[in-house]
Amino acid sequence: MAGAPATVLVVDDSRTKRYLLVNWLTRAGFQVREAETGTEALERVGVDPIDLVVLDVRLPDLSGFEVCERIKAVHPALPVIHVSAHAVDVEDRTQGLTRGADAYLAEPIEPDELVATAHAVLRYYQARQRAELLAERLTGLADTTVAVHAAPTFVRLLQEAAAGAARIFRSPAAVIAETFDGDCLAGISTGMDATPKVVPWVVDDTGVPTGATVRVEDPASWSLVPWPAEDTVTVAAARLREDRAPLYVVVPTATQTARTPVLVQLAQAVASAVEAQRSFDEEHRIAVTLQRSLLPRRLPEVAGLDLAVRYEPASAQTEVGGDFYELVMLDGHLLMAIGDVAGHSLHAATVMAELRHAVRAYAVEGHQPGVILDRLNELMRTLLPNELATLCLLLLHPPTGRVRLASAGHLPALISAEGRVEYVQQTAPLLGVRAERPADLEFTLPAGATLVLYTDGLIERRDTTIDDGLAALAASATRVDDDLDQFCQRLLVELAPPEIHDDVAVVAVRRR
């Protein structure tokens, strides 16, 4: 402990000489322990809290050189001073220092020289220990900073922060922060090897100024974990925006030095990650709200047709994309459209809104699918020159099943009929690209057949090819459930992962 006298182990088989050494060191303010043999010294070092060893070179069982080597092998930061009345020549001193001793005193030894040498050796090792501790904590700070910024969720972020604080300070730790929704959560860890947890927590008026650390005399006000007995806690507060609640990092006070830069830096690093997570949650929610508000609120009721859709935004760990769909009756035909704006952001969602409105407007004017795509392409190249999008658009005549389809780089439509599946392929450039487009495809959707449109989130995975995804979709769509809503849901369950990392839209129409 800081300010406590250092403990010195004096090892010498001569009772008289040992008495003198102990007396000198005790009068200088050291706490002193004694040992007569090398074996006893090694046993004491392994059990007692020793800060310095004063070691005679000649012992009855082991040489002082060997004892020093064994001590340094296990406790490299424990200083050793050799003393000797016999091994006093240059070779002896050289051997002692070479084999690990930090100082070598030959008798006769002056008391002041012994005390000064002890203080000098201890100053060096204490400075070394402080430097090593700081280096270790800074390494832990760097690791924790990376972990909290890589955390995919707010809860995971708090878990990583609490675990990192516990490892850095080798103690229990707690990290308290407020979510975007205003819920206050605490990540807690009972020790450096404990599994961190996240629990609800209400922070009262703490009196801890932002950017500072404060020692709290009553740990009961921060009773998140069992703090060490007879110790207080130190709390660091940080925040990046004045309109946000502060973030708090709480650790036992005994872990802190006179200056606490690592604790302050840890609080700032976690606050930065928390603010990034809050901002992302906010943008994600805005984008999802925008998308849902712009998608059709209800499906049209069309005689002779069953309609179903499913739309799932990307999970909270990823940005929202620009997937959209459209189903509307126009002049006796069902207009079906599905598209995907390149990119994942709030911006992609706003571009999606512009394209969907343009599709509806051009369709109301009575244009065929290919003409609508041509006009959309000109619109994008003129007003949205840096954007790209895919789109599949078709007009279906319910009484006859006749379909007119045009695609702009979108995935092929799927038709499932009587246990057989086929894809309607049309190779065509994306929207936003100057290139000629093929003529519209015309075909008839048989009675009882189901037509499925979808976006890439349903079939594309990082670890498989797109052909594998299309094959998996074909296998799942071979059987179409009587309930078309249930069919769309089953496609999501079977093909999309539990944590969806991209928007997914599925549109299905069955001709009775």
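Computed from a predicted model, the values in this text were never measured in an experiment.
Contacts of Gln426 classified as side-chain hydrogen bond (donor to acceptor under 3.5 Å, both in side chains), with partners at least two apart in sequence or in another chain: none. Under the ring pair (Phe, Tyr, Trp, His ring centres under 6.0 Å) criterion, His397 pairs with His333, sequence neighbours left out. For Thr232, the side chain to side chain contact (heavy atoms under 4.5 Å, CB included) partners two or more places apart in sequence, or in a different chain, are Arg215, Glu217, Thr253. Annotation: side-chain hydrogen bond (donor to acceptor under 3.5 Å, both in side chains) contacts of Arg130 (sequence neighbours excluded): none. Shown here are the side-chain hydrogen bond (donor to acceptor under 3.5 Å, both in side chains) partners of Thr382, two or more places apart in sequence or in another chain: there are none. Residues passing the side-chain hydrogen bond (donor to acceptor under 3.5 Å, both in side chains) test with Glu460, sequence neighbours excluded: none. The side chain to side chain contact (heavy atoms under 4.5 Å, CB included) check on Ala73 picks up nothing, with sequence neighbours excluded.
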Side chains of residues 401-409: which donor-acceptor pairs under 3.5 Å do they make with residues two or more places apart or in other chains?
residue, atom, partner, partner atom, Å
Arg402, NH2, Glu442, OE1, 3.3
Arg404, NE, Gln368, OE1, 3.1
Arg404, NE, Asp440, OD2, 2.9
Arg404, NH1, Glu442, OE2, 2.9
Ser407, OG, His410, N, 3.3

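The local environment of CZ in Arg437 is crowded, with over 12 non-hydrogen atoms from other residues, nucleotides or ligands closer than 6.0 Å.
Between Ile372 atom CD1 and Leu394 atom CG the span is 10.5 Å, to the nearest 0.5 Å.
Contacts classified as salt bridge (Lys or Arg N to Asp or Glu O under 4.0 Å) and involving residues 226-240 (residues at least two apart or in different chains) are given here: Arg239-Glu242. Screening residues 444-455 for salt bridge (Lys or Arg N to Asp or Glu O under 4.0 Å), with sequence neighbours left out, gives no hits. Judged as a salt bridge (Lys or Arg N to Asp or Glu O under 4.0 Å), the pairs with a partner in residues 148-166 (not counting sequence neighbours) are, in order, Arg156-Glu160. Judged as a ring-ring contact (aromatic ring centres under 6.0 Å, His included), not a single pair has a partner in residues 420-439 (not counting sequence neighbours).
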Steps toward side chain to side chain donor-acceptor pair (under 3.5 Å) verdict (Thr390, Asp340): CA-CA 5 Å; Thr390 67; Asp340 186 1; 5.2 Å; no
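Taking the charged nitrogens against the carboxylate oxygens, Glu178 and Arg278 have no contact shorter than 4.0 Å, which rules out a salt bridge.
At a threshold of 4.5 Å between non-hydrogen side-chain atoms, the residues Cys184 and Ile176 count as touching.
Side chain of Asp483 to main chain of Asp485: a donor-acceptor pair is present (N/O by atom type, distance under 3.5 Å, no hydrogens or angles).
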